[in-house]
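Shown next, in structure tokens, is the structure this report addresses.
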Amino acid sequence: MKPILVERNPEASMAYAQKQLSTMGWDTPAQWECLLSLWTKESNWRPNAYNKTVVYQNGEKLHAGGIPQILGLDPDLTVEEQVSRGFIYIEHRYKNPCSAWRFWSSNFWY
């Protein structure tokens, strides 16, 4: 079992994510503001967030979980893993937090 390095609370989650933006090349104030808005709307930065609404994907019943509210993400994962997976999802689908936020602002999901 991995040691918990970041406390499982919204404040620690935000601080960790902000420090990690540079690993993705997103270390501008605008990208931080977009990520802050996006994940505040999604989970209010709660690592234990769990959406009870079922979404079926390829016949599988999934729930959105964790800070980034990704389908199938286990909210029991560490903050570090949740942030990493959220970043990978954003990069793969939207390229950066501001593009993800623009999509969310029009669709209320990302």
Side-chain angles (χ1 to χ4, degrees):
M1 186 170 162
K2 288 183 183 179
I4 295 173
L5 302 176
V6 177
E7 288 185 52
R8 292 181 56 82
N9 64 57
E11 295 78 18
S13 300
M14 280 188 270
Y16 177 76
Q18 187 173 22
K19 287 179 188 172
Q20 294 303 305
L21 284 175
S22 63
T23 66
M24 303 299 291
W26 300 336
D27 50 344
T28 66
Q31 294 299 332
W32 168 242
E33 288 301 319
C34 290
L35 184 69
L36 182 62
S37 297
L38 180 66
W39 287 356
T40 296
K41 291 289 187 181
E42 285 295 295
S43 68
N44 207 21
W45 291 87
R46 293 175 298 118
N48 63 339
Y50 181 81
N51 190 327
K52 294 179 183 177
T53 302
V54 174
V55 175
Y56 290 91
Q57 191 173 64
N58 299 323
E60 188 176 355
K61 181 172 121 175
L62 299 171
H63 299 268
I67 298 163
Q69 287 292 283
I70 295 174
L71 287 177
L73 184 71
D74 183 351
D76 289 333
L77 290 173
T78 65
V79 167
E80 296 92 331
E81 188 65 27
Q82 290 185 35
V83 168
S84 175
R85 289 193 188 182
F87 283 3
I88 290 166
Y89 174 77
I90 289 170
E91 181 180 46
H92 176 76
R93 187 166 176 131
Y94 302 99
K95 305 294 182 221
N96 61 61
C98 287
S99 292
W101 175 240
R102 280 191 294 277
F103 184 90
W104 192 98
S105 297
S106 296
N107 301 282
F108 306 107
W109 64 274
Y110 80 117

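Since the structure is predicted, the reported quantities are computational estimates derived from the model, not experimental observations.
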Minimal non-hydrogen separation, Q82 against L73, with atom names: CG-CD2, 4.1 Å
Which heavy atom of Q57 sits nearest to which heavy atom of L62, and what is that distance? OE1-CD1, 3.5 Å
Distance check, rounded to the nearest 0.5 Å: H63 atom NE2 versus L71 atom CG? 10.0 Å
Ion pair check, E81 and R85, cut-off under 4.0 Å: yes
How long is the gap from CH2 on W39 to CD on Q69, to the nearest 0.5 Å? 11.0 Å
What distance separates I90 CD1 from L38 CG, expressed to the nearest 0.5 Å? 5.5 Å
Testing the basics here: between I67 and V83, what is the closest heavy-atom pair and its distance to 0.1 Å? CD1-CG2, 4.4 Å
Looking at SG of C98 and CH2 of W26, how far apart are the two atoms once the value is rounded to the nearest 0.5 Å? 10.0 Å
If you take all heavy atoms of W45 and A17, which pair is closest and at what distance? CZ3-CB, 3.6 Å
Grouping I, L, V, M, F, W and Y whenever their side-chain heavy atoms are under 4.5 Å apart, do W109 and L36 come out in a common cluster? yes
With a 4.5 Å cut-off on side-chain heavy atoms, are I88 and S84 touching? yes
Tell me, do R93 and Y110 make a side-chain contact under 4.5 Å, heavy atoms counted? no
Quick one: are L35 and F87 in side-chain contact, heavy atoms under 4.5 Å? yes
side-chain hydrogen bond (donor to acceptor under 3.5 Å, both in side chains) evaluation trace for R102 with S99: CA-CA 5 Å; R102 280 191 294 277; S99 292; 3.1 Å; yes
What pair of heavy atoms forms the shortest contact from P97 to Q31, and how long is it? CD-OE1, 2.9 Å
CG (N96) and CG (L21) are apart, to the nearest 0.5 Å, by 10.5 Å
What are the two closest non-hydrogen atoms of S13 and V79, and how far apart are they? OG-CG2, 3.6 Å
Within the side chain of N58, is there an N or O that forms a donor-acceptor pair under 3.5 Å with the backbone of E60? no
If you round to the nearest 0.5 Å, how far is CG of L77 from CD1 of I70? 10.0 Å
Pair S43, R46: side-chain N/O donor-acceptor within cut-off below 3.5 Å: no
For W104 and Y94, test the side chains for any donor-to-acceptor distance below 3.5 angstrom and give the result as yes or no. no
Evaluate the side chain to side chain contact (heavy atoms under 4.5 Å, CB included) criterion for residues Y16 and L5: first the C-alpha distance (whole Å), next the side-chain angles of each, then the deciding distance (0.1 Å), finally the verdict. CA-CA 10 Å; Y16 177 76; L5 302 176; over 6 Å; no
Would a 4.5 Å heavy-atom cut-off, applied to side chains only, mark W101 and K41 as touching? yes
Linking Ile, Leu, Val, Met, Phe, Trp and Tyr by side-chain heavy atoms under 4.5 Å, what else ends up with Y56? V54
Quick one: does W32's side chain get under 4.5 Å of D27's, heavy atoms only? no
